[in-house]
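These notes concern the structure reproduced below.
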Amino acid sequence: MKKNDIILIGIVVVLAIIGFAFFQLTAKEGAEVVVTVEGQEYGVYPLNKEAEIEIKSNGGINVLVIKDNKAKMMEADCPDELCVNQQPAISKTGETITCLPHKVVVTVKNGEESEVDAIAK
């Protein structure tokens with residue numbers, strides 16, 4: 001590797017760190033989680049109420065737990081269980097948990113309607 005390659009890698013790493021820090025500092029606490037299964041809305045649950053939600057989908061079951069204003073996938077009967085083992089609890093707007101085998105997506109929202117209407121999409 002040459003000197004310019006090292007400089008370029010350093011710049012990319014610094015920009016990535018700045019971007020990550022910006023997201024962490026500007027992300028707002030969410031008010032609810034939206035659960036979708038195969039692209040269809042399954043349910044909307046507030047983060048301020050403790051709950052254990054059993055999500056039946058695509059021949060499988062996931063268990064989402066909402067506690068302390070955070071949501072975490074606690075159980076899944078899929079073979080890899082990546083949504084359980086690798087994903088920390090989520091609470092900030094835009095954070096997601098995804099279970100690919102069961103086609104389940106859990107997304108934190110702020111509880112307000114988006115300013116973008118159907119025509120602008």
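Val106 places none of its side-chain heavy atoms less than 4.5 Å from the side chain of Thr96. A 4.5 Å side-chain heavy-atom check between Ile6 and Lys2 finds every atom pair outside the cut-off. Looking only at side-chain heavy atoms (C-beta outward), Glu52 and Val63 come within less than 4.5 Å of each other. In this structure, the side chains of Asp77 and His102 come closer than 4.5 Å at one or more pairs of heavy atoms. With a 4.5 Å cut-off on side-chain heavy atoms, Asn69 and Asn48 count as touching. Contact of the Thr98 side chain with the Val104 side chain is not registered, since no non-hydrogen atoms from C-beta on lie closer than 4.5 Å. Between Val35 and Ile55 the shortest side-chain heavy-atom distance falls below 4.5 Å. You'll find the side chain of Thr107 stays beyond 4.5 Å of the side chain of Val33, heavy atoms only.
The shortest heavy-atom contact between Ala89 and Lys70 is CB-CB, 3.9 Å.
In terms of modelled atom types and a separation under 3.5 Å, the side chain of Glu95 and the main chain of Ser91 share a donor-acceptor contact.
There is a path of hydrophobic side-chain contacts, each under 4.5 Å, that joins Ile17 to Ile9. Leu15 and Ile7 fall within a single hydrophobic cluster, where Ile, Leu, Val, Met, Phe, Trp and Tyr are joined by side-chain heavy atoms under 4.5 Å apart, directly or via other members. No single ILVMFWY cluster, assembled from side-chain heavy atoms under 4.5 Å apart, contains both Val105 and Val108. Val37 and Ile66 fall within the same hydrophobic cluster, where Ile, Leu, Val, Met, Phe, Trp and Tyr residues are linked whenever their side-chain heavy atoms come under 4.5 Å apart, directly or through other members.
The distance from atom SG of Cys83 to atom CE of Met74, rounded to the nearest 0.5 Å, is 11.5 Å. Here the straight-line distance linking atom CG of Leu82 with atom CE of Met73 works out to 12.0 Å at 0.5 Å rounding. Atom CD in Gln86 sits 8.5 Å away from atom CG in Asp80 (nearest 0.5 Å). Rounding to the nearest 0.5 angstrom, the gap separating the CD atom in Glu81 from the CG atom in Asn62 is 9.5 Å. We find the NZ-CD distance between Lys109 and Glu32 to be 8.5 Å, quoted to the nearest 0.5 Å.
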Report task. Go through the steps to decide whether Val34 and Glu41 satisfy the test side chain to side chain contact (heavy atoms under 4.5 Å, CB included), and finish with yes or no. Result -> CA-CA 7 Å; Val34 178; Glu41 188 174 290; 4.0 Å; yes
Requested in this report: Applying side chain to side chain contact (heavy atoms under 4.5 Å, CB included), run through Gln40 and Thr36 and close with a yes or a no.
Outcome: CA-CA 5 Å; Gln40 302 296 317; Thr36 59; over 6 Å; no
Query raised in the report: side chain to side chain contact (heavy atoms under 4.5 Å, CB included) between Glu54 and Ile61: does it pass, once the steps are laid out?
Result: CA-CA 7 Å; Glu54 188 173 278; Ile61 297 174; 3.4 Å; yes
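Within 6.0 Å of NZ on Lys92 lie more than 12 heavy atoms contributed by other residues, nucleotides or ligands.
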